[in-house]
Amino acid sequence: MRQAGRSLPEYRKIRGSGSILEVASDPERAAQITLQPVERYGVDAAILFSDIMVPVFSINFGIEIQSGVGPVVENPFRSSNDLKRLRALEPEIDVPYVGETIKILSQECPVPVIGFAGAPFTVASYLIEGKPSRSLEKTKALMEEEPEIWDSLMDILSEITISSLKHQIESGASAIQLFDSWAGLIDPKKYEEKVFPYSKKVLSSFDDPLVPKIHFGLGTQPILHLIAEAGADVVGIDSNTPIDVAREKLGNEIAIQGNLNPEICLGPIEEVEKAVSEILMLNSNNFGHIFNLGHGVLPDTDPAVLAHVVEMVHSHELPEKNNA
Ligand code: CP3
């Protein structure tokens, strides 16, 4: 459950009032926060406490994450000159704290730890827009009007993403998740031409069958086959794609992660139960399913509701695999 920790009182206590990037760079605190949802809910995996903007932050692109807003860039990416502000990531020098956090978790975390990175497109969109945007106008304009700069930017960001994920795996991450949160905001043809090759490059750099690759984006129903084709073992879907529709598009051989609507978790428990049962039913007991929310936990979510969701999923009985 992404950002499962943010609704917990124990998270707010340890987080303090500084920037989340500051907290993420303190391995002891980052490891403790990673463990909080595991301890509270008994979930089956932990997601590393960090952020998709950590690598570009660490090479000093000039980024902060404003609470309640998201990533903000002081001087957004505008022209070929800005390519000079980016360089290869040297994880041991730039983000040693990420490796240290995962090493602590290798000792202390009772469940697998999922490492992650932002996909080149979603990270690029923050660098270009300068702040969270629903239309991504500047990103789309750069992609169209400056194809060479776009390709160079996506190339550099792909390399940064690969280095970051390699470092996390070497430090002990058991699985990796590529977040392309805004992939659904562009036209499917443009996605295929201008975004897909880079996500594919990133995911195809990892081929250890023991380290599964999860690929997630919002609003990806029209491009679901490409999200899979980019090299995912698991496709993460949001709440707007019913799981049976995703299955129809993806077949039965790939795992699906999702997709309880986080907003439902703010409402009456009966509605939550109904929604959880429906997802389990629509999945028709397919074994390749990681039950999750369709997007991050909302800050006002009652922890008791999430605890109940975990309990419901854990008590759901699957048929014997051999007889299925
Ligand atoms: O789930 C976890 O707690 C694990 C760590 C994690 C964070 N961000 C910590 C965080 C993960 C996996 C992310 C991914 C992330 N960050 C994404 C991709 C996933 C998605 O949600 O689509 C994106 C787009 C970002 C960028 C970002 N960082 C946004 C949009 C925000 C929200 C700003 C806000 O306050 O509403 C952040 C801040 C952030 N990153 C928080 C957390 C727990 C919010 C809480 C806080 O500031 O303490």
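Every number for a ligand or one of its atoms is a count from 1 in the order of the listing.
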Is the CD atom of Glu108 crowded by more than 12 outside heavy atoms at less than 6.0 Å?
yes
Tell me whether the count of non-hydrogen atoms from other residues, nucleotides or ligands lying under 6.0 Å of CD in Glu278 goes above 12.
no
Those atoms of ligand 1 less than 4.0 Å from some heavy atom in Tyr11
43 (C), 45 (C), 46 (C), 48 (O)
Does ligand 1 come near enough to Gly70 that some N or O of the ligand is less than 3.5 Å from an N or O of the residue?
no
Between Asp187 and Lys194, does any NZ, NE, NH1 or NH2 come within less than 4.0 Å of an OD or OE carboxylate oxygen?
no
Contact check, Gly68 vs ligand 1, heavy-atom distance below 4.0 Å:
yes
Counting only N and O atoms by type, is there a donor-acceptor contact under 3.5 Å from the side chain of Gln168 to the main-chain atoms of Phe116?
yes
If the threshold is 4.0 Å, N to carboxylate O, is there a salt bridge linking Asp244 and Arg247?
no
Could you list which atoms of ligand 1 come closer than 4.0 Å to a heavy atom of Ser181?
18 (C), 19 (C), 20 (C), 22 (O), 24 (C)
Atoms of ligand 1 under 4.0 Å from any heavy atom of Ser50, numbered from 1 in the order shown, are 5 (C), 6 (C), 7 (C), 8 (N), 9 (C)
The atoms of ligand 1 lying under 4.0 Å from a heavy atom of Arg15, numbered in the order shown, are 46 (C), 47 (O), 48 (O)
Using a distance-only test with no angle check, is there a side-chain donor-acceptor pair under 3.5 angstrom linking Asp233 and His215?
no
Output yes when a side-chain donor or acceptor of Lys201 lies under 3.5 Å from a complementary backbone atom of Ile162, and no otherwise.
no
Heavy atom of Leu48, distance to ligand 1 below 4.0 Å
yes
Counting each atom of ligand 1 from 1 as listed, which ones have a heavy atom of Phe179 under 4.0 Å away?
12 (C), 18 (C), 19 (C)
May I ask you to list the atoms of ligand 1 that are less than 4.0 angstrom from any heavy atom of Ile20?
9 (C), 10 (C), 39 (C), 40 (N), 41 (C), 42 (C)
Taking only heavy atoms of His295 into account, list the atoms of ligand 1 that are under 4.0 Å away from them.
20 (C), 21 (O), 22 (O)
May I ask whether Pro132 places a heavy atom under 4.0 Å from ligand 1?
no
If hydrogens are left out, which of Ile52, Thr34, Ile33, Val297 has an atom nearest to atom 25 (C) of ligand 1, that is, the closest non-hydrogen atom?
Ile52
Are a donor atom and an acceptor atom from the side chains of Glu129 and Thr139 found within less than 3.5 Å of each other?
yes
Quick check against the 3.5 Å criterion: does Asn292 have a side-chain atom that pairs as donor or acceptor with the backbone of Asn259?
no
Does Trp182 reach ligand 1 with a nitrogen or oxygen that is under 3.5 Å from one of the ligand's nitrogen or oxygen atoms?
no
With heavy-atom distances below 4.0 Å as the criterion, list the atoms of ligand 1 near Ile65.
37 (C), 38 (C)
